[in-house]
Number of protein chains: 2
Amino acid sequence: MPEAGYHHGDLQEALIAATEAILADQGAEGFTLREAARRAGVSPAAPSHHFGNAPGLLTEVAIRGYQELGAALKQAAEKKEPLHLRLHAQGLAYVAFALKYSGRFQMMFSNKRLVAGDERLRKASRDAHREFEVVVAALVAGTPKQAKVAATVAWSTAHGFAKLALEGKFGDPGTDSGRREIMAMLRQVLEYLWPIESARR
Amino acid sequence: MPEAGYHHGDLQEALIAATEAILADQGAEGFTLREAARRAGVSPAAPSHHFGNAPGLLTEVAIRGYQELGAALKQAAEKKEPLHLRLHAQGLAYVAFALKYSGRFQMMFSNKRLVAGDERLRKASRDAHREFEVVVAALVAGTPKQAKVAATVAWSTAHGFAKLALEGKFGDPGTDSGRREIMAMLRQVLEYLWPIESARR
DNA sequence: TCTTTAACTTGACACTGTTCAGATTAGGTC
DNA sequence: GACCTAATCTGAACAGTGTCAAGTTAAAGA
C-alpha cells in the first residue's frame, strides 16, 4: 500500500477515490481522466491498464454509487409505520443523496459517459430501483403489475424532482437555505402523492 | 443570405441550425463548437464573435428548445375533456418531446454547459413549466399553493420518467418497439397519478 | 470615394483521451 | 539468493478540443 515508487500498490482504489473526489468538488462535467491520474500521483496512461478507458473507470464509480443509493433507500424504509411513511422516507433519501453527492449522482445517470450495457452496472441500477418496489408492493393492494407501475411513479417523481432541483429549478442547491427550500417543496410533493392521514382523495 | 464568401450573411442562424443538427444525430455529448463551425462552413473562432463562447451558443439553442417544449405543452392541453385528459396529454407530449429531440432535451437541462443564470433562459424555462400550472390550477380544487405543488408533481414525474427513459431504464429509446414500450408504461403511470374515470382512489 | 466598423481567418496555446514502445519491479521458480 | 516472467507504470506522441490575440476582408455609412 505504499503511495510512492514505480508500482503504486493499489492504484485501482486510488483512482476510484480520486474520481469520487473530483466529482465531489468539481461536479460531473469537471471530471477528466488526467486529473484523476494526477490526484493518484500517476501518469495519464496508467488508468488504462486497470479500467481500459475513462468510461471504464466512471462505470466502476457509478456501480458503487448505485449500491450506496440502494442501501440508503433500503435503510430509509426500515421500521416506519404507517407504510406511507416509508415511501416518504425513500423519496427524501433519494433527493438527499442526489443533493449530497450531486456529481456522482449526475454521473450515474449519464449513460453516454459510462460503458454502454455493462452488466454489473445494469444490475446495480435494477437493485436500487427494486428498493422502491418492495415498499410499494406492501402498500398498493393490487396485481404485481400495478405495483410495478406504482414503483415507477415513485422512482420517476423522485428522480425528476432531484434532477430539476440540481438544475436549480426549486432553489439554489449550493446553499443551505436553498437546500431547505428544496426539501420543503419535496415534502409537499410527497404529501400530495401519498397523503399520510386520509386515504387518497 | 449567401453562404459563401468571407462574410457568411447569417452565421448566427446557421450556427444554431448546425448545433441542433449535431444534437439530433450525435446527442448532447457529441456537440463540439468546432464541429458546429465546420458545418456552418466557417473557422473555429468565428462563433465567438456572435455567442462569446460555447455555452453562449448552447444557451441560445436551449432557449428555443424551451419555447418549443412550452408550445407543445400548450397545444397538448387544448380542447380536451375531461380535464384529467389534459394532464395526460401534457405528460405524453413532454416525454414525446424528450424522445424525439433527445439531444436538445438533454442539453436544455445541463446547466453546467449553459450560461449560468442567463435571464432569458430562466424565463423560457419558467414559461414552459407554467404550462403545467395552468392546467393543474383548473383541475385541482385548492389554494394556489396547492396548485403549485400539483404542478411540480406533474413536472417532476414527466421529467423523471423522460430522463430515465432516455437512459434506457424502460426500454431502448433508440428503436420503434422500445419507444412503444416506453409510451405504454407512461400511459400506466399517468393513469395511476390521475385516473380518468373515478375520483382518486 | 474614402473610412470606419463589423465579420471572419490564421496561428497559437493549453488542454483533453488514447495508443504504443519501453522502463521498472513484484512474485514465483529454480 | 539468483533468475525469469508477467504485471505495472512511464514517456512521448497524435489527433482532437475551446479560446484568445492579431491580422485580413468586405460591407455600410460619410
Using heavy atoms to find the nearest nucleotide of DNA chain D for B/His49 and B/Asn53 separately, return the residue whose nucleotide is more 5′. B/Asn53
Take the angle between the ring planes of A/Trp155 and B/Phe170 and call it parallel below 30°, perpendicular above 60°, tilted in between. perpendicular
I want to know whether A/Phe105 and A/Tyr66 have ring centres closer than 6.0 Å. no
Contact under 4.0 Å: B/His50 side-chain N or O vs C/dA6 OP1/OP2: no
Within this structure, what is the CD-to-P distance between A/Glu29 and C/dT16, rounded to whole angstrom? 15 Å
Rounded to the Å, how far apart are A/Gln12 CD and D/dA7 C1'? 12 Å
Counting any heavy atom closer than 4.0 Å, what does B/Ala54 reach on the DNA or RNA strands: base, sugar-phosphate only, or nothing? sugar-phosphate
Using a heavy-atom cut-off of under 4.0 Å over every strand shown, decide if A/Thr32 touches base, sugar-phosphate, or nothing. sugar-phosphate
Can you tell me the distance, in whole Å, between the CZ atom of B/Arg34 and the P atom of D/dG18? 7 Å
Out of D/dC9, D/dT10, C/dC8, which nucleotide sits closest to the side chain of A/Leu11? D/dC9
Between B/His84 and B/Trp194, ring centroids under 6.0 Å: no
Quick one: does B/Arg104's side chain have a donor or acceptor within less than 3.5 Å of a partner on B/Thr19's backbone? no
Whole-Å gap separating C1' (D/dT19) and CG (B/Leu58): 15 Å
Looking at C/dG17, I'd like to know if its phosphate oxygens (OP1 or OP2) sit under 4.0 Å from a side-chain N or O belonging to A/Arg113. no
I need the CG-C1' distance between B/Asp10 and D/dA27, as an integer number of Å. 15 Å
In whole Å, what is the span from the CG atom of B/Leu15 to the C1' atom of C/dC8? 12 Å
OP1 or OP2 of D/dT17 under 4.0 Å from side-chain N/O of B/Arg38: yes
Rounded to whole Å, please give me the gap between CD in B/Glu35 and C1' in D/dG18. 14 Å
Determine whether the aromatic ring centres of residues B/Phe161 and A/His159 are separated by less than 6.0 angstrom. no
Which part of the nucleic acid, if any, lies within contact of B/Ser48, taking any heavy atom under 4.0 Å across all strands shown: a base, the sugar-phosphate backbone alone, or nothing? nothing
Between C1' of D/dG16 and CG of B/Leu33, the distance in whole Å: 13 Å
